Amino acid sequence: MEFVLGTASIRRVGWLFPVSVFEGKDGRVLARLGRGGWFRVFFGTGRRVHLPGGTEWRLTAAGAGPYIVPMVTCAGGKLAVAAPHGNRSYGINGRSFAYNLYPAGRRAGLRRWSLREHETELGTFESNSMLADHPIPLAAALLCFTLIKYGVPGDANLWVPQSRWG
């Protein structure tokens with residue numbers, strides 16, 4: 001599995017279609033991300049993820065208990081799955097890792113998030129950038145950005161469109 005270490009960010013590159021690249025500080029492309037969006041990830045076909053080696057992943061969602069949780073899948077199955085365990089706190093699990101993503105405060109008006117494994121802080125995230133002090137699996141990093149932007153439907157008061165009857 002691919003890992004992220006150091007500084008990395010998501011940058012929009014498409015002007016007509018909103019596609020992005022996830023790249024390291026040195027400009028090395030870690031992944032190309034297809035069109036995203038709340039509805040596409042949670043109820044649609046998902047968001048395509050193209051890795052430099054030609055491998056294709058998909059950022060999609062599935063039902064787990066009362067929630068619709070995001071996950072990263074490949075041809076071999078699930079790589080990482082996220083689930084809420086509190087108000088805007090998430091568990092991110094894969095075959096060989098189990099992390100927790102927590103809000104960690106604000107810096108210059110931007111909300112910061114902390115990815116932890118037990119007592120060890122692996123890295124910090126903002127809306128489109130991250131700083132990893134320890135290697136973080138690429139699938140877990142992509143899930144962190146998805147959770148920061150959209151959360152999990154039903155776990156908190158999100159900006160998800162609501163319908164009111166009556």
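Everything numeric here is computed off the predicted structure, so don't read it as measured data. Below, all heavy atoms of this structure are taken into account, side chains as well, without hydrogens, waters or symmetry copies. Heads up: numbering here begins at 1 and tracks the sequence.
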task = Just grab all the salt bridge (Lys or Arg N to Asp or Glu O under 4.0 Å) pairs involving residues 69-81, residues at least two apart or on different chains.
result =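 Qualifying pairs: none.
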Within residues 36-64 or reaching into it, pairs that qualify as salt bridge (Lys or Arg N to Asp or Glu O under 4.0 Å) - sequence neighbours excluded =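 Listed by first then second residue: nothing to list.
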Could you check if a side-chain atom of [X] sits within less than 4.5 angstrom of a side-chain atom of [Y], using non-hydrogen atoms only?
X    : Y    : result
Y67  : P84  : yes
M130 : I136 : yes
P103 : R111 : yes
E126 : T124 : no
S9   : N128 : no
L101 : S114 : no
P70  : V152 : yes
T146 : L59  : yes

For [X], what residues pass the side chain to side chain contact (heavy atoms under 4.5 Å, CB included) criterion, not counting sequence neighbours?
X   : result
S96 : none
F97 : M1, A80, I92, Y99, P137, A140
P52 : none

task = Under the side-chain contact (heavy atoms from CB on, under 4.5 Å) rule, what do T45 and T60 come out as? Steps first, then yes or no, please.
result = CA-CA 7 Å; T45 58; T60 186; over 6 Å; no
Give the minimum heavy-atom separation between [X] and [Y], together with the two atoms involved.
X    : Y   : value
A64  : V69 : CB-CG2, 3.9 Å
I68  : A61 : CG2-CB, 3.7 Å
C74  : L79 : SG-CD2, 3.8 Å
A132 : V4  : CB-O, 3.7 Å
G151 : Y90 : CA-OH, 3.3 Å

Worked verdict on L115 versus C144 for side-chain contact (heavy atoms from CB on, under 4.5 Å) = CA-CA 8 Å; L115 185 67; C144 288; 3.8 Å; yes
task = Please collect all ring pair (Phe, Tyr, Trp, His ring centres under 6.0 Å) contacts where either partner lies in residues 114-141, sequence neighbours excluded, each pair once.
result =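 Those involving residues 114-141 are F125-F145.
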task = To the nearest 0.5 Å, tell me how far L142 CG sits from E2 CD.
result =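 Output value for this atom pair is 10.0 Å.
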request  = Output the distance between atom OG (S89) and atom CG (N100), rounded to the nearest 0.5 Å.
outcome  =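 Spacing of OG (S89) from CG (N100) equals 8.0 Å.
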inquiry  = Using the rule that Ile, Leu, Val, Met, Phe, Trp and Tyr join whenever any side-chain heavy atoms are under 4.5 Å apart, tell me whether F39 and F42 fall into a single cluster.
reply    =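 Looking at the clustering, F42 is in the same group as F39.
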inquiry  = Starting from L131, can I reach L122 by hopping between I/L/V/M/F/W/Y residues whose side chains sit under 4.5 Å apart?
reply    =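 As far as the 4.5 Å side-chain criterion goes, L131 and L122 are not connected within one cluster.
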Test log, rule side-chain contact (heavy atoms from CB on, under 4.5 Å), inputs L138 and L51 = CA-CA 10 Å; L138 180 59; L51 302 181; 3.4 Å; yes
query = Quick one: salt bridge (Lys or Arg N to Asp or Glu O under 4.0 Å) partners of E121, sequence neighbours excluded?
reply =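 In terms of salt bridge (Lys or Arg N to Asp or Glu O under 4.0 Å), with neighbours along the sequence ignored, E121 is linked to R116.
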inquiry  = H85: which residues meet the ring-ring contact (aromatic ring centres under 6.0 Å, His included) condition with it, sequence neighbours left out?
reply    =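 Applying ring-ring contact (aromatic ring centres under 6.0 Å, His included) to H85 gives Y102.
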task = Could you walk me through whether V72 and V49 pass side-chain contact (heavy atoms from CB on, under 4.5 Å), step by step?
result = CA-CA 9 Å; V72 177; V49 178; 5.8 Å; no
With a 3.5 Å cut-off and sequence neighbours excluded, list the donor-acceptor pairs that the side chains of residues 17-37 form with protein atoms.
from	atom 1	to	atom 2	distance (Å)
E23	OE1	R11	NH2	3.3
E23	OE2	R11	NE	2.8
D26	OD1	R28	N	3.1

